[in-house]
Every structure is written in structure tokens, then in C-alpha cells.
Trainee: 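First, the structure itself, so that you have it in front of you.
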Protein chains: 2
Amino acid sequence: MFTSARNLTQPSTPAALRPLAGSYPPCVGQIALFAPDAEIFAQGERAGFLYRVEFGAIRVYRLHADGRRQIVAFHLAGETFGLEAGGTHSFFAETTVHTGLSKVSLAGEMVPQELMALALRSMLHAREHLLVVGRQSALERIGAFLVDIAVRLGDVDTIDLQMTRLDIGDYLGLTIETVSRSFSRLRDEGIVKFHGVKTIEIVQPERLALLCG
Amino acid sequence: MFTSARNLTQPSTPAALRPLAGSYPPCVGQIALFAPDAEIFAQGERAGFLYRVEFGAIRVYRLHADGRRQIVAFHLAGETFGLEAGGTHSFFAETTVHTGLSKVSLAGEMVPQELMALALRSMLHAREHLLVVGRQSALERIGAFLVDIAVRLGDVDTIDLQMTRLDIGDYLGLTIETVSRSFSRLRDEGIVKFHGVKTIEIVQPERLALLCG
DNA sequence: CGATTTGTTGAGGCCCCTCAAGCTCCGTGG
DNA sequence: CCACGGAGCTTGAGGGGCCTCAACAAATCG
């Protein structure tokens, strides 16, 4: 399985940092813009910052020696990421689409209580992800994925996927073909409806929920 | 798949709490003894304590509606568990064998810094577990499992498994038969050697490490 | 509007699951 | 001490779900 994970397209906007009017309420600093597949931090790098996703999305992943990639988390608009054990990043973080990030310094700006809550939420999410990947069928995984994303976007019924089928596959432990087939199956069953490749409308939320266990 | 997870054998020693000479240096309180398969806490219960494993082992898991069980973590001697997001337990915790636990009250006894480190380590471990379950073959999963356990027991070369094949399967997303077959394969290849069913000697650590990616 | 990336669908094969039978280990009681 | 029973483990045979390989369609971008 070959995933061109390190194939970093440089931002079409020259470097990366560019000031912007603070469009999100709780945004303190400036917003940095990134093109798709831009590296935010790499495994082994010293960790010192948290990042808040203003728009777009982030994938956090690791590569196996043979090229297999496992994405352990996506981070969507409004979410904060970058907190890691030991002061060194254990994973890679990249944008999946055009993304705006604001930096949050670890010292100050966030009280220990918030950091703790963030760490615990991340642990919980990793474990819930494990439930999905460990014991569910392909269709169940896709279902759980859609429900998770929909909830995190604010219980919406129409999702704009911020990632490719390859990203989704590497997140769920499936191949791109199986992801595609599962989506088609959900469409054929009338559970979801596609408006373009990346826009999914959840037509029958109850049946989707049934799938997830 | 039927896993009799709630089949709680009551401790052969009457109840549970029984004082014992503090045999581990950093042990503050009394040690409670539990029989195999004793419930320590249940999903939905109010969380307020941490537990330190003095000897034995703990499985942390959740059940799907149809009985499928996913173990998200094992906790071995010397490790602390019970920290969860939201003040309510999201998982079940049970002993896998005869186990001694000491309670640690969340307020006091542990400084916030230690709690934070514990949370971050748990997050990291869940994510590393995800790497194994998401993209590895059965043999690779068993290999990674053995390496992980060996390291956590102090880089030993002989492991006393504190859990059944069923536990291991539900941890790695495999059936009991596949776990058994993988062990046999490692034995036939001369990578490990069995001294009884639960005692594994790692004969060729380098080859075992090669398996894990 | 052509080139390239991304997504869909089909055919075939493999790995793991399922089902089944027999074995080992261990605690219990005679 | 050994016989016995049951739970746990091992091994085999067969089937199914997902992966692999392949071709084509759709979407995206310069």
C-alpha cells in the first residue's frame, strides 16, 4: 500500500504565515494559512505549541516502515491539537485541505484545567476510535465515521468532507476501494445522498445510527 | 462472538478489601485483593478514584450491543488507571487474574502534573495501540503485543501472561483461534518458546522486533 | 480544455473468521 | 495421590469479507 504522505505540496500562498482579520470569536493570535498536505509538525520535533483549527482540517498520523499509514485523529474547525506526551511530537500533523490555524502557546492562554480536559478528551476519542477499528465491519466503520464527523460539526445533516477517500481509509483501517464501496452501499440503501463527491447528506440518521452498534 | 465479560466470579476470599503488608515501596494505602474477573468499576459509574495495580492485571473494555467486546487497555503491576474524561467512567474495568489494587484519591496524593502525565501517556498508548490494530496483520499484532508487555514488565525476556487468549484477542481485534495460531507460528519459527501456556520466553528479540514494523 | 488526481466499479485471491473436534491444564473431591 | 470435570487452548477444514489488481469515470486545476 503506497500512501504519498510526505508529498508536501507547498502552500500556493508563498510561505505560510499571513495575518487575517480574526473571524472566530475566541481567536487570540493571527491565523496562519496552509495549502493542502502542508506539514504542521513532524514526529520527533520538539513540541511547544497547541494549534487551533479555524477552518479546514488536520490529520495526525504515523507511517510504518513499509509505507502503510495510520491516521490516529482528524481535527476539524474549532478543535485544538498538538498536545503530546514527553515534550516531543510522536506523530506527524498535516493539513488535508486549505486550512487556517492559530497558535496557542502552551504556557499561558490555557489554564492547566483546560489542558487536562483536552488530554482526557483526546484519550477518550482515541479509545472510541479503537472500538470502531478493532471490532467493526467496513460498513459499520464508515457509519461511525460519518456520525462522529456530523456530531463534531454541530449535529449537521450535511457533511462537507475535508479529506480524501485515502485519508478516510487510513483513518479507519480500510482501503480506498472499500471506503468507496461502503459509501456507494449507504447511497444505494438510501441512508445517505451525495451532492458532489465530498458532500454527504445524511437522509436517514436513525438507520445510520443503527449501523454503528 | 460471545464473550462472557459480565460473568463475575466472586472472589474466593470473601469480599474484596483485606489489609496486607505494603510490599511495594510507593504504596500508600491498603491493598485490596480481587479474584479473576472481578469488576472494579462499570461504564456510567461516577469516577473519583485512581487505582494502582500492585500485582495481577486489569482489562479496560467496552461491549457492543451484539456482545462483541473491545479491550482498549491492559494495566499491569506498577501502573495506575481509572482517570477518565467527564467524571464518569466510559469503560468497564475488571481483573483478569488474582489482583491486588491500592486506591489513590484524585484530590491529593497526586499532583496535577502527574495526572497530566498519566493522561498524556494513556492517550499516547491508545494511539499506538491504534497503529497496531488499524494496519497490522495478526502475526504483527501478536508481536507488537508481546514487545509492549515485555517492555512494560521491565524489558524482561520471559513473560508471564496475566490474561487469557480471549482477552488478548479482544485487545488486538482477533479471534481466540487466530491468537493461538499466531503464537504457534512464533513458536514454530523459533522466535519464542513456551514454558506452559501462559509463560512465553522471547528467544529471538530482534526477529520479534522485525515483525512489528 | 487537456492533464492529472481522485473516485468508482468489477474480478479474483488471500487472510482471518467460523465451526468443529480434540487436547492440555488445573482445581476439586474422592 | 489420582480420577474427574470443566475451562482454556490448539489445530484443522471451509467460507466470507476485505484487499489486490485493473480499468474506467468523474472531478479538479492550470
Side-chain angles (χ1 to χ4, degrees), chain A residues 1-5 7-13 35-37 66-69 96-98 132-142 160-170 172-188 192 194-200 211, chain B residues 1-5 7-9 11-13 35-37 66-70 96-98 132-142 160-170 172-188 192 194-200 211:
Chain A
M1 185 177 310
F2 298 97
T3 59
S4 58
N7 172 19
L8 311 177
T9 321
Q10 278 313 307
S12 50
T13 9
D37 304 310
D66 58 0
R68 285 178 293 181
R69 182 179 71 164
T96 60
V97 292
H98 283 282
V132 173
V133 171
R135 281 263 172 252
Q136 311 242 85
S137 70
L139 207 61
E140 290 173 325
R141 295 184 206 195
I142 294 291
D160 272 303
L161 288 178
Q162 303 290 322
M163 64 287 290
T164 65
R165 303 292 193 260
L166 183 60
D167 286 327
I168 297 172
D170 285 351
L172 296 175
L174 300 171
T175 60
I176 183 176
E177 295 94 333
T178 301
V179 171
S180 186
R181 273 185 257 267
S182 301
F183 276 139
S184 299
R185 176 101 179 271
L186 289 179
R187 165 177 44 74
D188 295 346
V192 305
F194 278 85
H195 307 277
V197 206
K198 294 276 177 81
T199 305
I200 306 184
L211 274 182
Chain B
M1 185 175 314
F2 297 98
T3 59
S4 58
N7 171 21
L8 309 179
T9 319
S12 50
T13 8
D37 305 312
D66 58 1
R68 285 176 293 181
R69 183 179 71 162
Q70 178 66 47
T96 60
V97 291
H98 283 284
V132 173
V133 171
R135 280 262 172 254
Q136 311 244 85
S137 71
L139 206 61
E140 290 172 326
R141 294 184 206 196
I142 293 291
D160 272 303
L161 288 178
Q162 303 291 322
M163 64 286 290
T164 65
R165 304 292 194 260
L166 182 61
D167 287 327
I168 297 173
D170 285 351
L172 296 174
L174 300 171
T175 60
I176 184 177
E177 295 94 335
T178 300
V179 171
S180 186
R181 272 185 258 268
S182 302
F183 275 139
S184 299
R185 176 98 180 272
L186 289 179
R187 164 177 44 73
D188 295 346
V192 304
F194 278 84
H195 307 277
V197 205
K198 293 276 178 76
T199 305
I200 306 184
L211 273 182

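Letters go in sequence order (proteins before strands), and every chain restarts at 1.
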Trainee: Nearest-Å distance, CG (B:L166) to P (D:dT10)?
Mentor: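 To the nearest whole Å, that distance equals 13 Å.
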Trainee: Any donor and acceptor pair, going by atom type alone, linking the side chain of A:R141 with main-chain N or O of A:L174 inside 3.5 Å?
Mentor: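 No.
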Trainee: Taking atom P of C:dC23 as reference, at what distance in whole Å does atom CZ of B:R165 sit?
Mentor: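 Distance, rounded to whole Å: 19 Å.
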Trainee: Within the structure shown, what part of the strands sits under 4.0 Å from B:S180 by heavy-atom distance: base, sugar-phosphate, or nothing?
Mentor: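 It contacts base atoms.
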Trainee: Looking only at N and O atoms, is any donor in the side chain of A:R181 or the base of C:dG10 less than 3.5 Å from an acceptor on the other one?
Mentor: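 Side chain to base: pair found, below 3.5 Å.
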Trainee: At less than 3.5 Å, do the side-chain atoms of B:R187 and the base atoms of D:dT11 form a donor-acceptor pair?
Mentor: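 Per atom types, no contact qualifies.
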Trainee: Output the rounded distance in Å from CG (B:D167) to P (D:dG8).
Mentor: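 Rounded to whole Å, this separation is 9 Å.
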Trainee: Look at atom CZ of A:R185 and say whether more than 12 heavy atoms of other residues, nucleotides or ligands are closer to it than 6.0 Å.
Mentor: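 No, CZ of A:R185 has 12 or fewer neighbouring heavy atoms, counting only those of other groups under 6.0 Å.
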Trainee: Check the phosphate of D:dC18 against A:T178, side-chain N and O only, distance under 4.0 Å to OP1 or OP2. Yes or no?
Mentor: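 No, because none of the side-chain N or O atoms of A:T178 sits under 4.0 Å from OP1 or OP2 of D:dC18.
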Trainee: Nearest to the side chain of A:T175, heavy atoms from C-beta on, is which of C:dC25, C:dT8, D:dC19?
Mentor: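 Between C:dC25, C:dT8, D:dC19, the one nearest the side chain of A:T175 would be D:dC19.
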Trainee: Between A:F194 (CZ) and D:dA27 (P), how many Å, whole number?
Mentor: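 Distance check: A:F194 CZ to D:dA27 P gives 12 Å.
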Trainee: Looking only at side-chain N and O atoms, does A:S184 offer a donor or acceptor that is under 3.5 Å from a partner on A:R187?
Mentor: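 Looking only at side-chain atoms, A:S184 and A:R187 do form a donor-acceptor pair, the distance falling under 3.5 Å.
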Trainee: D:dT10 base to B:R185 side chain: any donor-acceptor pair below 3.5 Å?
Mentor: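 Answer is no: no donor-acceptor pair is held.
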Trainee: Need one value for B:G169: base, sugar-phosphate or nothing, where a base atom within 4.0 Å counts as base even if backbone is also close, heavy atoms only.
Mentor: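 Nothing: the residue B:G169, judged by heavy atoms under 4.0 Å, touches no strand.
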Trainee: Whole angstrom is fine here: how far is it from CD1 in B:I142 over to P in D:dT10?
Mentor: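 Interatomic distance, CD1 of B:I142 to P of D:dT10: 10 Å.
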Trainee: Could you give the CD1-to-P distance, from A:I200 to C:dG7, as a whole number of Å?
Mentor: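 Taking atom P of C:dG7 as the reference, CD1 of A:I200 is at 11 Å.
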Trainee: Rounded to the nearest angstrom, tell me the gap between atom CG in A:L174 and atom C1' in C:dG7.
Mentor: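 Value for this atom pair: 16 Å.
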Trainee: Should the pair B:R69-B:D167 be classified as a salt bridge under the 4.0 Å nitrogen-to-oxygen rule?
Mentor: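 A salt bridge is present here (some side-chain N lies under 4.0 Å from a carboxylate O).
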Trainee: Using only heavy-atom distances, decide whether a donor-acceptor pair under 3.5 angstrom links the side-chain of B:E177 to the base of C:dC19.
Mentor: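 Result: at least one qualifying N/O pair found.
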Trainee: Could you go through the salt bridge (Lys or Arg N to Asp or Glu O under 4.0 Å) check for B:D170 and B:R68 one step at a time?
Mentor: CA-CA 8 Å; B:D170 285 351; B:R68 285 176 293 181; over 6 Å; no
Trainee: Provide, to the nearest angstrom, the distance between the CD1 atom belonging to A:I168 and the P atom belonging to C:dG7.
Mentor: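 Rounded to whole Å, this separation is 8 Å.
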Trainee: On DNA chain D, nearest-nucleotide positions of A:K198 versus A:A138: which is more 5'?
Mentor: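 The residue whose closest nucleotide sits nearer the 5' end is A:A138.
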Trainee: Side-chain N or O of B:S184 less than 4.0 angstrom from OP1 or OP2 on D:dT10?
Mentor: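 So the side-chain polar atoms of B:S184 never come under 4.0 Å of the phosphate oxygens OP1 or OP2 of D:dT10.
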